[in-house]
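What follows is one structure encoded as structure tokens, with my remarks underneath.
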Amino acid sequence: MAKPNPTKGARTNAALILNEVVVQQRSLNTALAQYLPHVDEKDRGFCQQLCYSSLRHYPTLQFIVHQLIKKPFKAKDKDIEQLLILGILQLRFLNTPDHAAISETVDASKKLKKVWAGGLLNACLRNYLRQQEQIEQKLLANDPANYGHPSWLLSQYQQDWPESWQDITNANNKQPPMMLRVNQQKVSREAYLQQLQSEQIAASIIEATDQGILLDQPCDVYKLPGFEEGWVSVQDGSAQLATTILDIKPGQRVLDACAAPGGKTCHILETSPENDVTAIDISSDRLLQIQQNTDRLGLHATLVAADAADTNHWSNGQAFDRILIDAPCTGSGVIRRHPDIKLLRHPEDIDTLASKQQALLDNLWPLLKADGLMVYTTCSAFKKENEQQIEAFLQRHPDAEEVKLSSTPATARPFGYQRLPGDDVMDGFYYACLRRK
């Protein structure tokens, strides 16, 4: 594994980061955390843009690469393949001037100490410019390349949403907007909008939410007024709706299962800070993220490192008034925010995750008080993880009933509510509210 080096520049480090994701199958967040601090500060934004944009369009870019090379790159030279991917990205999607995209890509190969690759990269990129029209025609005839999604993911969207799959893939390929959740314990949404206006940060209310704000343009969180004082957090409007559905009241015991990084835990506490809230996550490292968030917001939750489904290891048997299951899922509703999902998820993951979701539902249900509410949510767009999961749960548990919500958070389905990626500019999310009879 190549070490990060600030002298290598944005493009070279971006190629190394891509290699971590594509070859080593590490998450983009993990790779960025390792490399980005070592990139020159002035280049970090561009490096990040290269990584997110290339992964967002990776199936398309990879298809183009295969039209330009005669034989696959050797394993030890996959970093050069990533440089070629980045070069094509700049030419096709980022509107970088031709000479700059080519010369900087060639120069990046020298910084990887692979001078031999310069001629290859130069020839491939120039051939792309010459053959672009023919390559585009081939691309149109190949659905995974044309829509920028691996074939299994495309097929699953087509199967579940035959009328909407093209809208879903288009939404997945766009850069997501930046949304905020105002901490109602510190400031009102209206007052915070005025603060943003005074800082010349254009924003508007997210109508479907109680505390959500949509920024016209993403910005550095530390430029947001009162961020360090806990006035506001970054959270998509779809995720905010999960806490609204919980219908939190004062004096309740609340469980947030699979809680990291803590956005929903904090939202629950912002709604009623005196409540007894337990946040569980299987990763003790990820619990630190929750602690950092609650500290910044001036809130307190009981944090437990455990498998939430293994109740024998963490529960004392005391029941909860509210349980939130933000279940592990494929993330097929939030690909625009996590484009590495296109490369890191595989078709067999759907069944594996569905089993984990079922275990969470079945094992946590006995911990819910009579007349209590359990909210099941995922950031998936797949029916097997969502409405089919809840249908099966209700068949297994005759003491459970679905609550039909007067204010619907998304499109009503036979079971629960589904928001597809891009609906009302928000992330894809599924919600079901269950009451114990």
Show the nearest heavy-atom pair for residues [X] and [Y], with the distance to one decimal.
X    : Y    : result
C124 : I69  : SG-CG2, 4.0 Å
D256 : K264 : OD2-C, 3.9 Å
A101 : L91  : CB-CD2, 3.7 Å
R181 : C266 : NH2-CB, 3.6 Å
Q185 : E270 : NE2-O, 2.6 Å
P150 : P144 : C-CB, 4.5 Å

Using only atom types and a distance under 3.5 Å, with no angle test, would you say the side chain of [X] pairs donor to acceptor with the backbone of [Y]?
X    : Y    : result
R419 : P409 : yes
Q82  : A14  : no
Q358 : F393 : no
K383 : W161 : no
D216 : I201 : no
N386 : Y430 : no
T378 : A327 : no
R436 : D399 : no
T60  : A145 : yes
R413 : Q418 : no

Could you tell me the separation between the [atom1] atom of [X] and the [atom2] atom of [Y], rounded to the nearest 0.5 Å?
X    : Y    : atom1 : atom2 : result
L55  : I17  : CG    : CD1   : 10.0 Å
D167 : N172 : CG    : CG    : 11.0 Å
S53  : I85  : OG    : CD1   : 13.0 Å
H346 : T330 : NE2   : OG1   : 12.5 Å
E81  : H66  : CD    : NE2   : 5.5 Å
D281 : D326 : CG    : CG    : 10.0 Å

Legend entry - Counterpart residues, salt bridge (Lys or Arg N to Asp or Glu O under 4.0 Å), relative to D351 (two or more places apart):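 Result, salt bridge (Lys or Arg N to Asp or Glu O under 4.0 Å) vs D351: K384.
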Legend entry - Mutual orientation of the aromatic rings belonging to Y157 and H149 [parallel < 30°, tilted 30-60°, perpendicular > 60°]: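 Plane angle over 60°, so perpendicular.
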Under 4.5 Å between any side-chain heavy atoms of [X] and [Y], yes or no?
X    : Y    : answer
E136 : E133 : no
V254 : I248 : yes
V234 : L180 : yes
T105 : L86  : no
L50  : R11  : yes
W231 : L224 : no
K249 : D321 : no
L241 : Y417 : no

Inset, instruction - Test Y192 against Q211 for side chain to side chain contact (heavy atoms under 4.5 Å, CB included), laying out the working first. - result: CA-CA 10 Å; Y192 194 75; Q211 303 298 331; over 6 Å; no
Inset, instruction - Let me see the working for I390 and L434 under side chain to side chain contact (heavy atoms under 4.5 Å, CB included), right down to the final yes or no. - result: CA-CA 9 Å; I390 295 303; L434 307 167; 4.2 Å; yes
Inset, instruction - Return the set of residues passing side-chain contact (heavy atoms from CB on, under 4.5 Å) with A392 (not counting sequence neighbours), or none when no residue passes. - result: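 In terms of side-chain contact (heavy atoms from CB on, under 4.5 Å), with neighbours along the sequence ignored, A392 is linked to R396.
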Does atom [atom1] ([X]) have a neighbourhood of more than 12 heavy atoms from anything else shown, all under 6.0 Å?
X    : atom1 : value
K138 : NZ    : no
E41  : CD    : no
Q197 : CD    : no
Q217 : CD    : no
Q134 : CD    : yes
K437 : NZ    : yes

Inset, instruction - Tell me, with the steps shown, if Q291 and D295 meet side-chain hydrogen bond (donor to acceptor under 3.5 Å, both in side chains). - result: CA-CA 6 Å; Q291 188 68 65; D295 287 350; 2.9 Å; yes
Inset, instruction - State, without any angle test, whether Q357 and E385 hold a side-chain donor-acceptor pair at a distance under 3.5 Å. - result: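 Side chains of Q357 and E385: pair found under 3.5 Å.
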Output a table of donor-acceptor pairs, distance under 3.5 Å, between side-chain atoms of residues 300-309 and any protein atom two or more places apart or on a different chain; print 'none' if there are none.
| residue | atom | partner | partner atom | Å |
| --- | --- | --- | --- | --- |
| D307 | OD1 | A309 | N | 3.0 |

Legend entry - ring-ring contact (aromatic ring centres under 6.0 Å, His included): pairs with one or both residues in residues 197-223, sequence neighbours excluded: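 Found Y222-F227.
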Inset, instruction - Hey, could you give me each pair passing ring-ring contact (aromatic ring centres under 6.0 Å, His included) that has a residue in residues 165-184? Not counting sequence neighbours. - result: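 Listed by first then second residue: Y147-W165.
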Inset, instruction - Just do the salt bridge (charged side-chain N to carboxylate O under 4.0 Å, His left out) check on K369 and D371 with the steps written out, would you? - result: CA-CA 6 Å; K369 290 181 180 178; D371 205 39; over 6 Å; no
Inset, instruction - Under the side chain to side chain contact (heavy atoms under 4.5 Å, CB included) rule, what do V22 and K78 come out as? Steps first, then yes or no, please. - result: CA-CA 9 Å; V22 178; K78 286 291 183 180; over 6 Å; no
Inset, instruction - Determine, step by step, whether S233 and H267 satisfy the side chain to side chain contact (heavy atoms under 4.5 Å, CB included) criterion, reporting the C-alpha distance in whole Å, the side-chain angles of both residues, the deciding distance to 0.1 Å, and the verdict. - result: CA-CA 9 Å; S233 299; H267 194 187; over 6 Å; no
Review item, side-chain donor-acceptor pairs of residues 333-344, under 3.5 Å, at least two apart:
| residue | atom | partner | partner atom | Å |
| --- | --- | --- | --- | --- |
| R336 | NE | D427 | OD1 | 2.8 |
| R336 | NH1 | V425 | O | 3.3 |
| R336 | NH2 | V425 | O | 2.8 |
| R336 | NH2 | M426 | O | 3.3 |
| R336 | NH2 | D427 | OD1 | 2.9 |
| R337 | NE | D427 | OD1 | 3.1 |
| R337 | NE | D427 | OD2 | 2.8 |
| R337 | NH1 | P177 | O | 3.1 |
| R337 | NH2 | P177 | O | 2.9 |
| R337 | NH2 | D236 | OD1 | 2.8 |
| D340 | OD2 | L28 | N | 2.8 |
| K342 | NZ | R56 | O | 2.5 |
| K342 | NZ | G148 | O | 2.6 |
| K342 | NZ | N173 | OD1 | 2.6 |

